[in-house]
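Letters go in sequence order (proteins before strands), and every chain restarts at 1.
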Amino acid sequence: MKYWLMKSEPDVLSIDDLKSKKKTGWDGVRNYQARNFMRDEMKKGDLILIYHSSCKVPGVYGVGKVTKESMPDPTQFEKKSQYFDPKATHDEPRWFMVEVGFVKKFKQAVTLEFMKSEKSLGDMIVLKKGSRLSITPVEKKDFEKVSAFGEA
DNA sequence: GCCAACGTTGGC
DNA sequence: GCCAACGTTGGC
């Protein structure tokens, strides 16, 4: 089993949205590295730190899990979608997603500011300067530490 | 709103 | 295949 961190803007999908929807297709990712993680590496049962970006207090707000593995992202075929990709075909989809289920919302957010101050989390990719990747693998020890902080 | 960092595109 | 130009991300 692997561990991941997935970014979302709370205006688009917040941890509360995920809680009320129970699960959702993680559509709209248009970055090849992130796509490859979803297409090839994320497996059912993997746990996910749900991170909120582009908001007042960026940080990890809860935990999700992979409930369905790799499938074509339907928004690439929808002409009216902002994620429409004219080069994608049903025979050869370009973009893939996984389905993410709600696990829990932390008692307290583990903020970016806090994670930066916590030297033991220094290896996390999301903390690296200039890191824009919206899906990143997370080490088990870091997942556990962040979870512990969130539930403290 | 600014801007550094990064990814993608396209001319050559 | 290089790389300049452009677009996007995301913290601040």
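- Across B:dT8, C:dG11, C:dG7, the shortest atom-to-atom separation from the side chain of A:Arg132 is found for C:dG7.
- Relative to the side chain of A:Tyr32, the nucleotides B:dT8, C:dC12, B:dG7 differ in distance, and B:dT8 lies closest.
- Between the CZ atom of A:Arg30 and the P atom of C:dT9 there is a distance of 12 Å, given to the nearest Å.
- The distance between atom CG of A:Leu133 and atom P of C:dT8, rounded to the nearest whole Å, is 18 Å.
- In this structure, the ring of A:Tyr51 has its center no less than 6.0 angstrom from the ring center of A:Tyr61.
- Spacing between atom CD1 of A:Ile135 and atom P of B:dG7 amounts to 15 Å, rounded to whole angstrom units.
- With C:dC12, C:dG10, B:dG7 as the candidates, the nucleotide lying closest to the side chain of A:Gln33 is B:dG7.
- Listed nucleotides B:dG7, B:dA5, C:dG11 differ in distance to A:Asn31; the shortest reach to its side chain belongs to B:dG7.
- Phosphate contact (OP1/OP2 of B:dA4, side-chain N/O of A:Lys129, threshold under 4.0 Å): absent.
- We find that A:Asp73 and A:Arg30 are joined by a salt bridge, their nearest charged nitrogen and carboxylate oxygen being less than 4.0 Å apart.
- Atom-to-atom, CD of A:Glu9 to P of C:dT8 comes out at 13 Å; the value is rounded to the nearest Å.
- The local environment of NZ in A:Lys21 is sparse, with at most 12 non-hydrogen atoms from other residues, nucleotides or ligands closer than 6.0 Å.
- At a threshold of 4.0 angstrom between heavy atoms, the contacts of A:Lys128 with the nucleic acid are absent.
- One interatomic measurement links the two molecules: CZ of A:Arg35 to C1' of B:dT8, which rounds to 14 Å at whole-angstrom precision.
- Across all strands, A:Ser53 comes closer than 4.0 Å only to sugar-phosphate atoms, never to a base (heavy-atom distances).
- A:Tyr51 has a side-chain polar atom (N or O) that falls below the 4.0 Å cut-off from OP1 or OP2 of C:dG11.
- A salt bridge is absent between A:Lys65 and A:Asp46; no separation between the charged side-chain nitrogens and carboxylate oxygens falls under 4.0 Å.
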When you look at A:Phe77 and A:Trp95, which way does the ring pair (Phe, Tyr, Trp, His ring centres under 6.0 Å) test go after all the steps?
CA-CA 10 Å; A:Phe77 308 122; A:Trp95 304 109; over 10 Å; no
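- Atom P of nucleotide C:dT9 and atom NE2 of A:His52 are separated by 16 Å, given to the nearest angstrom.
- In this structure, A:Lys7 places its NZ atom 11 Å from P of B:dC6, rounding to the nearest Å.
- In this structure, A:Leu127 atom CG and C:dT9 atom C1' are separated by 16 Å, rounded to whole Å.
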